[in-house]
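Order of the sequence lines fixes the chain letters, A, B, ..., with proteins taken first and strands second; residue numbering starts at 1 for each chain. Just so you know, these numbers come straight off a predicted model, no measurement behind them.
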Number of protein chains: 2
Amino acid sequence: MTGPEGLDPQQLGAYFAFTEAASLLQHQVEQHLRADGGLSYVQFQLLARLADAGGPLTMTQLADGVVYSRSGLTYQAGLLEKAGLVTRAPSPDDERATLVAITEDGLALFGRVLSGHVEVVRSMLLDPLSEEDLQHLGGIMTRVRDHMRALPPRSAAPRKRRAARSL
Amino acid sequence: MTGPEGLDPQQLGAYFAFTEAASLLQHQVEQHLRADGGLSYVQFQLLARLADAGGPLTMTQLADGVVYSRSGLTYQAGLLEKAGLVTRAPSPDDERATLVAITEDGLALFGRVLSGHVEVVRSMLLDPLSEEDLQHLGGIMTRVRDHMRALPPRSAAPRKRRAARSL
DNA sequence: TATTGTTATACTCTATAACTATA
DNA sequence: TATAGTTATAGAGTATAACAATA
């Protein structure tokens with residue numbers, strides 16, 4: 001490998017293995033969701049949030065962590081609504097807000113797809129882990145995730161130079 | 001095989017934390033690469049492979065693991081070539097093959113971007129890890145990755161029903 | 001015939017900015 | 001003024017299938 005200045009082989013190995021495993025898992029998950037439910041991963045996550053919430057969420061609440069732009073959520077919510085999986089209605093409390101709720105069909109589809117989703121996760125990620133591995137992984141990833149969440153959103157990537165032109 | 005229906009809280013927690021951490025890291029990495037080098041993550045990976053190989057690679061060799069379709073690689077290689085970061089030439093050994101090589105400019109850009117990339121990975125992923133954590137993470141993720149690589153490419157997502165129509 | 005790669009095309013998704021409406 | 005959401009639009013990326021050329 002190209003020994004990047006500053007990462008020792010152990011750090012590099014952990015980083016690459018982590019990244020590749022996440023990428024392989026995500027790809028298989030997306031394959032499954034598309035084939036079995038016609039859903040993208042984002043759409044699945046949105047349905048999961050709504051199913052989990054047990055009631056309507058505003059667009060802003062729904063967006064949190066799943067999508068990085070308002071318009072992106074409007075687009076996805078539009079697709080889900082057109083497919084009859086969610087409804088959108090103005091909130092009585094705050095006339096500016098839109099309340100998104102999952103429909104019967106949405107719940108049915110989500111439930112149907114969920115079992116296959118779990119199967120993918122189990123067979124790819126969980127099967128090769130011992131009980132001890134699972135404890136370690138859970139502890140480490142929870143700590144890392146919380147650390148990432150707490151970082152200043154932008155400055156994690158230090159601004160050394162002006163933005164380059166894209167290819 | 002297909003175990004009991006759901007995942008227990010520990011499995012669920014590890015899965016969610018893993019997924020979210022990977023997603024947060026990837027997002028920041030992409031932000032940085034785009035801002036600092038005008039590169040997408042895929043493009044950065046392609047340059048990394050070429051820099052690491054120390055010589056030209058065929059399109060097929062270059063694609064492995066980075067891209068999931070031939071045409072996708074042709075598209076990306078075209079962009080990199082147009083930007084002067086790689087060259088493409090027919091292989092002398094096999095006239096069907098295209099040899100892709102990184103240019104001086106490509107190496108320079110890669111080197112310039114790499115340090116910031118490492119900084120992002122360190123600050124987000126490595127900083128909160130102890131020496132012991134790193135050992136555990138490396139061991140676990142390596143095992144998981146190898147397990148994923150060894151799985152039959154398609155049947156990981158069991159074919160329970162006909163492919164659904166996309167939204 | 002199988003393999004390597006490109007092209008044509010259509011589609012999905014995302015992001016920015018301008019806009020509307022309410023607080 | 002600030003916030004919630006939508007729309008318009010443009011761009012990046014991907015995948016499929018048809019294709020050409022070589023093994």
Side-chain angles (χ1 to χ4, degrees), chain A residues 23 26-28 30-31 33-35 37-46 56-83 86-101 153-154 163-167, chain B residues 23 26-28 30-31 33-35 37-46 56-83 86-101 153-154 163-167:
Chain A
S23 163
Q26 202 197 348
H27 188 251
Q28 280 308 116
E30 284 175 354
Q31 292 267 112
L33 292 175
R34 185 65 71 189
L39 296 172
S40 70
Y41 186 50
V42 165
Q43 288 156 5
F44 177 73
Q45 285 182 94
L46 295 175
L57 296 176
T58 67
M59 294 289 280
T60 299
Q61 291 169 330
L62 188 53
D64 172 43
V66 174
V67 142
Y68 293 99
S69 74
R70 290 184 174 291
S71 63
L73 180 57
T74 296
Y75 171 75
Q76 292 296 343
L79 291 182
L80 292 173
E81 186 179 39
K82 201 157 41 177
V86 309
T87 58
R88 282 188 291 182
S91 164
D93 301 335
D94 184 339
E95 293 276 336
R96 294 170 304 181
T98 296
L99 288 179
V100 185
R154 274 301 226 169
R165 250 187 10 273
S166 287
L167 306 193
Chain B
S23 163
Q26 202 196 349
H27 189 252
Q28 280 309 114
E30 284 176 353
Q31 291 267 112
L33 292 175
R34 185 66 72 189
L39 296 172
S40 70
Y41 186 50
V42 165
Q43 289 156 5
F44 177 73
Q45 285 182 94
L46 294 176
L57 296 176
T58 67
M59 295 289 280
T60 299
Q61 291 169 333
L62 188 53
D64 173 42
V66 175
V67 140
Y68 292 98
S69 75
R70 289 184 175 291
S71 64
L73 179 57
T74 296
Y75 171 75
Q76 292 296 342
L79 291 182
L80 292 172
E81 186 180 39
K82 203 158 42 180
V86 308
T87 58
R88 280 188 292 183
S91 163
D93 300 337
D94 184 338
E95 293 278 336
R96 294 172 303 181
T98 297
L99 289 179
V100 185
R154 274 301 224 171
R165 240 180 37 264
S166 288
L167 307 193

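The shortest non-hydrogen separation linking A:Ala97 to A:Thr58 is CB-CG2, 4.2 Å. In plain terms, the two heavy atoms of A:Gly72 and A:Val67 that are nearest each other are C-CG1, 4.4 Å. The shortest heavy-atom contact between B:Ala77 and B:Met59 is CB-CE, 4.0 Å. B:Ala164 and A:Gly37 get closest at one heavy-atom pair: CB-C, 3.5 Å. Nearest approach of A:Leu73 to A:Ala63, heavy atoms of both residues: CD2-CB, 3.5 Å. For the pair B:Thr74 and B:Arg88, the tightest heavy-atom approach, listed with the atom from each and the gap, is O-NH1, 3.9 Å.
Using a 4.0 Å heavy-atom distance criterion, B:Ser40 is classed as a sugar-phosphate-only contact. Counting any heavy atom pair closer than 4.0 Å across all strands shown, A:Val42 reaches sugar-phosphate atoms only and no base atom.
Atoms CG (B:Asp93) and C1' (D:dT22) sit 13 Å apart, rounded to a whole Å. Summarising the geometry, the separation between CG on B:Leu79 and C1' on D:dG11 is reported as 12 Å, rounded to the nearest angstrom. For the pair A:His27 NE2 and D:dT14 C1', the computed distance is 10 Å after rounding to whole Å. Remark: C1' of C:dC13 and CD of A:Glu30 are 11 Å apart, rounded to the nearest angstrom. As rounded to whole Å, 14 Å separates atom P of C:dT12 from atom CG of A:Leu80. For the pair B:Tyr41 OH and D:dA12 C1', the interatomic distance rounds to 18 Å; values are reported in whole Å. Rounded to a whole Å, the CD atom of A:Glu95 is 19 Å from the P atom of C:dT20. Distance CG (A:Leu62) to P (D:dA4): 14 Å, rounded to an integer number of Å.
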Could you walk me through whether B:Thr87 and B:Val100 pass the side-chain contact (heavy atoms from CB on, under 4.5 Å) test, one step at a time?
-> CA-CA 6 Å; B:Thr87 58; B:Val100 185; over 6 Å; no
Please list, pair by pair, any protein nitrogen or oxygen found under 3.5 Å from a nitrogen or oxygen in nucleotides 4-8 of chain C.
| residue | atom | partner | partner atom | Å |
| --- | --- | --- | --- | --- |
| C:dT4 | OP2 | B:Arg70 | NH2 | 3.4 |
| C:dG5 | OP1 | B:Met59 | N | 3.0 |
| C:dG5 | OP1 | B:Thr98 | N | 3.2 |
| C:dG5 | OP2 | B:Thr60 | N | 2.9 |
| C:dG5 | OP2 | B:Thr60 | OG1 | 2.1 |
| C:dG5 | O3' | B:Thr98 | OG1 | 3.3 |
| C:dT6 | OP1 | B:Arg88 | NH1 | 2.9 |
| C:dT6 | OP2 | B:Thr74 | OG1 | 2.6 |

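Contact between the side-chain N/O atoms of B:Arg34 and the OP1/OP2 oxygens of C:dT14 is not found at any separation under 4.0 Å. Taking 4.0 angstrom as the limit, A:Gln76 places a side-chain polar atom (N or O) nearer than this to OP1 or OP2 of C:dT14. Applying the 4.0 Å criterion to OP1 and OP2 of C:dT12, one finds that A:Gln43 has every side-chain N and O outside that range.
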